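Data block below; observations after.
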There are 2 protein chains.
Amino acid sequence: MKPATIRDVARHADVSVASVSRVLNGVGVVNEPTRQRVLQAVDLLKYVPHSGARSLSTSRTDTVGVILPDLFGEFFSELIRGMDVAARAHGLHLIVSSSHDDADEASAAIRSMRGRVDGLVVLSPYLNAASLTASLAGRTPVLLMNGGAMDAARPSIVIDNRAGAMTAVEHLLGLGRRRIAHISGPSGNLEAEARLAGYAEALAGSGVVAQVLDGDFTQGSGHRAVTRMLASGERPDAIFAANDMMAVGALLALQEAGVRCPEEVAVVGFDDVPIAELVRPALTTLRIDIAGLGKHAVERLVGLIQAPDSEEANNEILRPTLVVRGSSTADASAHSSPAEAKPTAPGEILMGEIQDV
Amino acid sequence: MKPATIRDVARHADVSVASVSRVLNGVGVVNEPTRQRVLQAVDLLKYVPHSGARSLSTSRTDTVGVILPDLFGEFFSELIRGMDVAARAHGLHLIVSSSHDDADEASAAIRSMRGRVDGLVVLSPYLNAASLTASLAGRTPVLLMNGGAMDAARPSIVIDNRAGAMTAVEHLLGLGRRRIAHISGPSGNLEAEARLAGYAEALAGSGVVAQVLDGDFTQGSGHRAVTRMLASGERPDAIFAANDMMAVGALLALQEAGVRCPEEVAVVGFDDVPIAELVRPALTTLRIDIAGLGKHAVERLVGLIQAPDSEEANNEILRPTLVVRGSSTADASAHSSPAEAKPTAPGEILMGEIQDV
DNA sequence: CTGTTAGCGCGTTCAC
DNA sequence: GTGAACGCGCTAACAG
């Protein structure tokens, strides 16, 4: 009852394993009669090549891996979707490994990938480059996306979080808001820290005093942060959350407290996950084409796999784009009104660009 | 520059490969001195076991695969998240293979998994059991989740789509709605067809005439269906969409047209994806604990892997639960008001149960 | 306790 | 054109 192997097929077709291999891989030349006999045996025995064995012998797995901190929220699912698209387009399988909150776990995960994948996309916002490099012995091509302290010696893609955050704050300042609070991401997270830095920097020149509420990138933390702040009597006129999920939590907290958005408090998020334009008011945010990013990452990884040293140390920086929606418009009529419901508001303002370094 | 192999380590530590293997796998007994020499060599050479080779020899991959139709929307990402949780808990890797819209693609995908995984969770709502079984030669444990025509001879989990749909319609009828339209899922999709059947059946007894709008499970299709319907002059007083994404699309279309929900038109979805409770009005839907489902699926699969014939042909049926939110309450004050904004509305009504067959 | 060796399933030189 | 044999890297008997 065990699955047939290539030898079973060879025996059945009365040829050698070499011929079977040739037929199946379409390499070399085989006489038509032999070819037919092999094909016949293959489907009689329902033979399916054992990809593990094949990998061992070819040292190609036709699989790429992705190391992620976690799988919550829409950011990572969108990213995976994009990566999957690219992987499939190149005939590759995708193996995901998540929930690596610290450097050690991530390192272990990376190591456990040896012999399983041809290349890796690593998102580890908590990992510093040094610790990462240590894990990355071997010659496995790796594309880094650990926003922040990037290892200049390795191919990478980073999001310009600081610039994005500054854009967000400047947008709010431009709206005349003067009490701008920030809901931060988890401490130790490089992306979160860069966004916080951008917030602080943008504020620095304006005389507006910074007010930071602790968050951890989850919707619940955004909700709690705002609820607590309101309870303490604080009344900012704008909130910049370090990501969209927290911004959504903030939006809900405001609604529960009866505080109108954007009239009383404007809200800006970061990432532009799909729900950003579905909530009401729709969320102003810094757009990252997440799925596109995932796709692009895999494509670069494929390039690395095919030509390991071609684009070494190519560090790419993506600048997020400001998308203005109802949660931060001066126009009060935009708030929760049916007219504003269309998925793509006509008044969307886009800024920013993608630049290569 | 090539990665060190176990033989390099053995040579370096001046022992045999067997001893290295013993030390690394903690099996058998090894003298402390030898053990130390091995460990030393391992980290000098930065040796990492080649899991591919190990798999070939142990015939275990420590990986489970999941075959999906696509990766759009929140349903699949939630499912993957749940599966990942369970996989990690069991020390397994997860490999995803998506975008298999027809039986052939899915079959190919399943076959290509041989030698890569220890077991498979297959979601293929387009696949009939016969064609599936053909692909599933070998002894690879497979857990089916192709809602609908389940192969009674294989372990499976199905969602009681028909019952769920009936519950939805009955809920709307109970609200006094008499013109209930249905936005269907893609034709040929078993889940979609079962939901449509449930809709029709629930209506049959009530004298209400069925009205079906074509959809394909995407938000856009729900939006278009409703827009077109309104344009044609039709005015239902309720819409039951075959999934939440289409329901969200419907909600937006209604808003754009200035039709009030739930006052004029109530809307009910299916799945209870995370955004269901974030849109306004919050969406009444049939809850499936998606992440829990994914987790449970992997756990059953693990059981199958450990004892292949233990629970054979255990067919499980999950009954979705009605969750009433703002989009279908009689109470008009619930609509878009701040008071209704809290994530978990106090007035939530839950029905249904999970049953084992 | 440790070393030798035979596979795991397949691709791939080489001679024939 | 075709086949025999070796190697991929590792585990698991089996001897010693």
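Each chain gets a letter, A, B and so on, in the order the sequences are listed, and its residues count up from 1. Everything quoted here is computed from the prediction, not taken from an experiment.
The distance from atom CZ of R116(A) to atom C1' of dG9(D) is 14 Å, rounded to the nearest whole Å. Rounded to whole Å, the distance from CG on D14(A) to P on dT2(D) is 12 Å. R35(A) places its CZ atom 16 Å from the C1' atom of dT2(D), with the value rounded to the nearest Å. The CZ atom of R7(A) sits 12 Å away from the C1' atom of dC6(D) (whole-angstrom rounding). To the nearest angstrom, C1' of dG3(D) lies 15 Å from CZ of R11(A). Look at CG on L56(B): it is 11 Å from P on dT11(D), rounded to the nearest Å. Between the CE atom of M113(B) and the P atom of dG9(C) there is a distance of 20 Å, given to the nearest Å.
The two atoms that bring G294(A) and M83(A) nearest to each other are O-CG, 3.3 Å, heavy atoms only. Heavy atoms only, all atoms of each residue included: S156(B) and N315(B) are closest at OG-ND2, 2.5 Å.
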### Task
Determine, for nucleotides 11-16 of chain C in 5'-to-3' order, which nucleotides have protein heavy atoms under 4.0 Å from the base (write B), from only the sugar-phosphate (write S), or from neither (write -).
SB----

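Donor-acceptor pairing under 3.5 Å is lacking for the side chains of D70(B) and S98(B). Between the side chains of S112(B) and H93(A), at least one donor N or O lies within less than 3.5 Å of an accepting N or O. R54(A) and N25(A) share a side-chain donor-acceptor pair at under 3.5 Å. If you check the side chains of Q40(B) and Q36(B), you find no donor sitting under 3.5 Å from an acceptor.
Judged by distance alone, with hydrogens and angles left aside, the side-chain atoms of R22(A) form no donor-acceptor pair with the main-chain N or O of G28(A) at under 3.5 Å.
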### Message
Using the rule given for side-chain contact (heavy atoms from CB on, under 4.5 Å), can you reason through L318(B) versus H296(B), listing the C-alpha separation, both sets of side-chain angles and the distance that settles it, and then say yes or no?
### Response
CA-CA 11 Å; L318(B) 296 184; H296(B) 180 59; 5.6 Å; no

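Where pairing requires Watson-Crick or G-U contacts shorter than 3.5 Å, the helical stems of DNA chain C with at least three consecutive pairs are C:1-16 with D:1-16.
Electrostatic pairing of D8(B) and R11(B) counts as a salt bridge here, judged by a charged N lying under 4.0 Å from a carboxylate O.
Along DNA chain C, the nucleotide nearest to N31(B) and the one nearest to A53(B) differ in position, and the one closer to the 5' end is contacted by N31(B).
Taking only side-chain nitrogens and oxygens, T5(A) never comes nearer than 4.0 Å to OP1 or OP2 of dG9(C). Contact annotation: T34(A) side-chain N/O to dT2(D) OP1/OP2 distance is under 4.0 Å.
At a threshold of 4.0 angstrom between heavy atoms, the contacts of R114(B) are confined to the sugar-phosphate backbone, with no base atom among them.
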